[in-house]
There are 2 protein chains.
Amino acid sequence: MNAGSEQELVEEWRGLLARHATVHNALETELQAQHNISVSEFEALELLASSDHGKCRGQDLTNVVHLSQSAASRLVARLERGGLVERVMCDLDRRGIFVVLTDEGHQRYSDAKPTHRSVLARTLRGEH
Amino acid sequence: MNAGSEQELVEEWRGLLARHATVHNALETELQAQHNISVSEFEALELLASSDHGKCRGQDLTNVVHLSQSAASRLVARLERGGLVERVMCDLDRRGIFVVLTDEGHQRYSDAKPTHRSVLARTLRGEH
DNA sequence: GAAGATTAAATGCACTTGCATTCGATGCGC
DNA sequence: GCGCATCGAATGCAAGTGCATTTAATCTTC
């Protein structure tokens, strides 16, 4: 399906762009206003919250947030500065780190989650 | 359709994010490497190329590029610096401006278009 | 027609981003 | 075990972004 004449491809891409912008902007605005976290930060917290012991490798985080490695590194730094996360050395491979959710981080995620879901429900309606 | 339990909504959003990132990154990389323009710049050129006389209001541009007003203003400034576009005063409403495509701008758009389409064809395949 | 509200665009500023590089730690070949 | 490629993460830096504000023009109300 979705074979795609050139025109169809372009229209699909424009739809994707518009949809992405709508949802992303709404999420950014509400998460920022109500919980003081960005979309990327929320994504990171969500990964951690769903991980065993609220802990994951730096790389796993990079893979999830759709950011460059350096941006992901700084994202972790911000979260750490905000007390939502801690970096701990990884003994098995001492190049790497574990990022672990703090209690406060878990709390903030739990608080933000309903907001996140409600924005999705509001903005992600209709045809795909 | 697409009623959406919470879980379904989240999955749809993640799919949208992933899809957007894939296509956007590929477009950015190839347009930059082969034609030295960004995705936003291409979008602006495309709007202009499809407009009457290759000319449109600053605002129309802002609406299309999914950027803030200030970012759109600077986008036009970059395009102008690069010689792809010119800003001309709008006599009917002298607050506003017209952005007009130069010959070189039209050429660059024509050159970049096949690249753009081919990236879409390559990356926008499969389920929506 | 003048005063105040509104609009289009530009700009100062702080922050985020990606690229390239760096630094240390692992792994591999020999 | 030694050197060299590779890998995970952090960082310097230039560039792009959004927010808030500014400037100038237009519209509204009286």
Side-chain angles (χ1 to χ4, degrees), chain A residues 17 20-22 24-33 36-44 47-48 55-82 84-100, chain B residues 17 20-22 24-33 36-44 47-48 55-82 84-100:
Chain A
L17 271 176
H20 176 270
T22 300
H24 194 272
N25 287 344
L27 273 179
E28 191 70 49
T29 300
E30 292 226 9
L31 286 177
Q32 201 60 252
N36 198 33
I37 58 176
S38 71
V39 174
S40 293
E41 285 164 358
F42 181 85
E43 282 165 4
L47 170 65
L48 288 167
K55 159 201 238 178
C56 76
R57 299 289 304 265
Q59 278 193 305
D60 304 332
L61 230 145
T62 299
N63 291 334
V64 158
V65 292
H66 301 298
L67 247 42
S68 69
Q69 181 270 322
S70 64
S73 171
R74 290 180 225 258
L75 173 59
V76 173
R78 279 199 301 279
L79 289 172
E80 190 173 39
R81 227 179 297 129
L84 305 185
V85 135
E86 277 175 10
R87 273 185 277 211
V88 310
M89 282 303 156
C90 173
D91 284 336
L92 294 169
D93 181 346
R94 305 192 351 184
R95 291 168 300 188
I97 58 165
F98 277 120
V99 182
V100 303
Chain B
L17 271 175
H20 176 269
T22 301
H24 193 271
N25 286 345
L27 273 179
E28 191 70 49
T29 300
E30 293 227 7
L31 286 177
Q32 200 61 253
N36 197 32
I37 58 176
S38 70
V39 174
S40 293
E41 285 164 359
F42 180 86
E43 284 165 3
L47 169 65
L48 288 168
K55 160 201 238 179
C56 76
R57 296 290 303 265
Q59 278 193 304
D60 304 333
L61 230 145
T62 299
N63 292 334
V64 158
V65 292
H66 301 299
L67 246 42
S68 69
Q69 181 269 322
S70 63
S73 171
R74 290 180 224 260
L75 172 59
V76 173
R78 280 200 300 280
L79 290 171
E80 190 173 40
R81 225 179 299 130
L84 306 185
V85 134
E86 278 176 10
R87 273 186 277 211
V88 311
M89 282 302 156
C90 173
D91 284 334
L92 294 169
D93 181 347
R94 305 191 351 183
R95 291 169 301 187
I97 57 165
F98 277 119
V99 182
V100 304

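As a basis for the values below, the full set of heavy atoms in this structure was taken, side chains included, without hydrogen atoms, waters or symmetry mates. Lettering follows sequence order; numbering is per chain, from 1.
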Within less than 4.0 Å of OP1 or OP2 of [N], is there a side-chain N or O belonging to [X]?
{"X": "A/Q59", "N": "D/dG8", "value": "yes"}
{"X": "A/R94", "N": "D/dG8", "value": "no"}
{"X": "A/R87", "N": "D/dA10", "value": "yes"}

Between [options], which nucleotide gets closest to the side-chain atoms of [X]?
{"X": "A/S70", "options": "C/dG18, D/dA9, C/dT11", "value": "C/dG18"}
{"X": "B/L67", "options": "D/dG18, D/dA10, D/dA24", "value": "D/dG18"}
{"X": "B/R78", "options": "D/dG16, C/dA10, C/dT17", "value": "D/dG16"}

Quickly work out the A/Q32 CD to C/dT16 C1' distance and round it to whole Å. 12 Å
Rounded off to whole Å, could you give me the CD-to-P distance for the A/Q69 and C/dT16 pair? 17 Å
Bending between helix ends of the helix from C/dG1-D/dC30 to C/dC30-D/dG1 [5 pairs per end, 10° resolution]: 30°
Let me know, please, whether A/D91 or B/R95 comes out on the 5' side of the other along DNA chain C by nearest nucleotide. B/R95
Name the residue closer to the 5' end of DNA chain C, choosing between A/C90 and A/S68 according to the nucleotide with the nearest heavy atom. A/S68
Measure the shortest side-chain to side-chain distance between [X] and [Y] over non-hydrogen atoms and say whether it is less than 4.5 angstrom.
{"X": "A/I37", "Y": "A/L84", "value": "yes"}
{"X": "B/R57", "Y": "B/D93", "value": "yes"}
{"X": "A/L17", "Y": "B/E43", "value": "yes"}

A/L75 near the nucleic acid: base, sugar-phosphate alone, or nothing, with a heavy-atom cut-off under 4.0 Å? nothing
Quick one: label A/R74 by what it contacts on the DNA or RNA (base, sugar-phosphate, nothing), any heavy atom closer than 4.0 Å. base
With a 3.5 Å distance limit and no angle check, can you tell me whether B/T29 reaches the backbone of B/N25 through a side-chain donor-acceptor pair? yes
Enter the distance from A/F98:CZ to A/D91:CG here, rounded to the nearest 0.5 Å. 9.0 Å
Interatomic distance, A/H24 atom NE2 to B/H20 atom NE2 [nearest 0.5 angstrom]: 8.5 Å
Testing the 3.5 Å rule here: is there a donor-acceptor pair between the side chains of B/S40 and B/S38? no
5' precedence on DNA chain D between A/A71 and A/T29 (nearest-nucleotide basis): A/A71
